[in-house]
Structure formats: C-alpha cells, structure tokens
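Note sheet for the following structure.
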Amino acid sequence: MIVTSWNVNSVRARIENIKNYLKKFSPDIVMMQEIKTEDPTFPYDDFSSLDYESHVFGQKSYNGVAIISKHKLENVRLDLIKDKLKQSRIISAEVKYKKKNIQIINIYTPNGNPVDTEKYTYKKIWLDSLIKQLKNLAKKNENIILGGDFNIIPTAEDVYNVKSFEDDALYRLEIRKKFREMLNLGFSDVYRHFNEDKEGYTFWDYMRGAWQKNNGMRIDHFLVSNSL
C-alpha cells in the first residue's frame, strides 16, 4: 500500500499537478495539507473520477487538511485536537489492510514564527495536545501512521544551514524535544529508518534560488508505529 503526504498549498490551484501525480503513481492514500478551501469548494469530482473518495476538513483561504483514498475509510474524525483557534489542522481515519486496522492521522502543525509572539505559544500548545492524544490512541491501536507537515526540523542534518535556524520556530530545542517525545511513544521516523545518514529534504523556499541550490529542509514526516 502506497501512502503519501503533500502540502499542496491550495488544492484548487494545484489540481492539475495533483491529478497528474495520481495518474502517474496511483497511490492508495494521499494526505494533503494546506488545501486552503472550505469543504463545499473542495474538488471532490476530480478525485472521484480517478476512483478516490475524499474526506475533508477545510478552511477558507488558510490551513485545511484532506485524505483521499482508493480504499474505504472508516471512523473519520476531525476532533482529535480541541483547537481554541478552531483552525483546520488534523483529520484522522481508519483503513483495513492485510487484516490490520490502521489509523491514518494527517496533520498540519502551526509554523510558530515569529517565536516571540502568540503564534509560537499556539504551536507549543497544539503539539502538546497532539502528544496527549497520541498517548491515548496508542493504547487502543498499535497500528498508527502519523503523517503530514510537522513544521519541525528534527536534527541539524535535516536543514541546509542549521546556523540560520537556531532560533527559528521550526528548529528550537523545545520543539525538537516534542518531536522526540512523539517518537518515544513507540513511533519510528520512517525516513531515518531507511536513510540513517542520508540528506533528504521535503521543502525548499521559492525565494533566492533555494531549489536550484538545494537549500532545503526536512519538515514533512511519517511517524509510524513500531509494530508496522
């Protein structure tokens, strides 16, 4: 089963790119973040025409998450985190695969910058709420796939120039500790599991030729239950 994650930065603006990807690689499940649209304006028909069912937690102009799947998804939840700002940042569903009941959790963690503002406080509170929920969920289901845009650089190896991110909300020590806390609940960082020392980025800024220079960072992750 192929499960993928993509911060699409507007599902409607990127719909042709997404459809081309689906046709070429035919993933079973795709978790999308920053869809930037409300539920009624999500392009359900585009995905159903390619045999995907869609489950959406949208928001006008900002944030928003969705899961599209070729398999029947059950127990779709939008309420795993009680978000006081009511931002659409997490969606969960269950899928049966090889007699296992797997919980798929798609997240879009707050960026948190600038660090001396309420945005950073919100990020910390949001992550604490996620960790608390993961503790509860892990007791009920040993098969969890947590994926999405974490907005966390786990280690110095995961960014092109760590010096310039030492006081950034993506790399601050207390944020990296929260990532480690999630792993300690019984999860593996899948990329590092298969690529112990290999450089691998998931995001490049669109300014200053970052893509051409490979000035990237690894902030999108899959944390998977050790049982899987």
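In this text, all values refer to a predicted model and were calculated from it rather than measured experimentally.
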Side-chain donor-acceptor pair present, [X], [Y], cut-off under 3.5 Å:
X: S188; Y: N226; value: yes
X: N75; Y: E94; value: yes
X: E199; Y: Y160; value: no
X: S227; Y: N143; value: yes

Mark yes or no for whether [X], through its side chain, and [Y], through its backbone, hold a donor-acceptor pair below 3.5 Å.
X: S26; Y: K23; result: no
X: E53; Y: L73; result: yes
X: S10; Y: A13; result: yes
X: Q133; Y: L80; result: yes
X: K124; Y: K178; result: no
X: Q59; Y: S88; result: yes
X: D28; Y: S69; result: no
X: S225; Y: E142; result: yes
X: N106; Y: M32; result: yes

Using a 4.5 Å cut-off on heavy atoms from C-beta on, say whether the side chain of [Y] contacts that of [X].
X: N141; Y: N101; value: yes
X: M31; Y: W6; value: no
X: V11; Y: T37; value: yes
X: D83; Y: K86; value: no

Y120 six-ring centre to R172 NZ/CZ under 6.0 Å and within 45° of normal
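So R172 does make the cation-pi contact.
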Checking [X] now: which residues fulfil side chain to side chain donor-acceptor pair (under 3.5 Å) with it, not counting sequence neighbours?
X: N195; answer: none
X: Y191; answer: none
X: N9; answer: K36
X: R14; answer: none

Please list all pairs meeting salt bridge (charged side-chain N to carboxylate O under 4.0 Å, His left out) that have one or both residues in [range], counting only residues at least two apart or in different chains.
range: residues 213-228; answer: D158-R218, D189-R218
range: residues 57-69; answer: none
range: residues 96-122; answer: none
range: residues 62-79; answer: R77-D79

Show every ring pair (Phe, Tyr, Trp, His ring centres under 6.0 Å) that has at least one partner inside residues 203-223, sequence neighbours left out.
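Checked against ring pair (Phe, Tyr, Trp, His ring centres under 6.0 Å) - neighbours excluded - the pairs reaching residues 203-223 are F150-H221, F179-H221, W204-W211.
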So Q87 and Y108, side-chain hydrogen bond (donor to acceptor under 3.5 Å, both in side chains) or not? Walk me through it.
CA-CA 10 Å; Q87 296 186 359; Y108 176 46; over 6 Å; no
How close do [X] and [Y] get, heavy atom to heavy atom, and via which atoms?
X: Y201; Y: N214; answer: CE1-O, 3.4 Å
X: A210; Y: D205; answer: CB-O, 3.2 Å
X: R89; Y: N63; answer: NH2-OD1, 3.2 Å
X: Q33; Y: I107; answer: CG-O, 3.3 Å
X: F25; Y: I2; answer: O-CD1, 4.2 Å
X: G147; Y: S5; answer: C-OG, 4.5 Å

Between F57 and V76, is there a shared hydrophobic cluster once you connect ILVMFWY residues whose side-chain heavy atoms come closer than 4.5 Å?
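Yes, F57 and V76 fall within the same hydrophobic cluster.
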Go through Q103 and S92 one step at a time and tell me if the side-chain hydrogen bond (donor to acceptor under 3.5 Å, both in side chains) criterion holds.
CA-CA 7 Å; Q103 185 163 10; S92 170; 2.8 Å; yes
Does H193 have any side chain to side chain contact (heavy atoms under 4.5 Å, CB included) partners at least two apart in sequence or in another chain, and if so, which?
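Scan of H193 (side chain to side chain contact (heavy atoms under 4.5 Å, CB included), adjacent residues dropped) gives none.
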Considering residues at least two apart in sequence or located in another chain, which fulfil the ring pair (Phe, Tyr, Trp, His ring centres under 6.0 Å) criterion with F42?
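Partners of F42 under the ring pair (Phe, Tyr, Trp, His ring centres under 6.0 Å) test: Y44, F47.
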Identify whether the distance between the nearest side-chain nitrogen and carboxylate oxygen of E16 and K19 falls below 4.0 Å.
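The answer is yes: the pair qualifies as a salt bridge.
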Within 6.0 Å of CD in E166, more than 12 heavy atoms from elsewhere:
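Enclosed.
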Salt bridge (Lys or Arg N to Asp or Glu O under 4.0 Å) with D39: which residues, sequence neighbours excluded?
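Once residues adjacent in sequence are excluded, D39 has no partner under the salt bridge (Lys or Arg N to Asp or Glu O under 4.0 Å) criterion.
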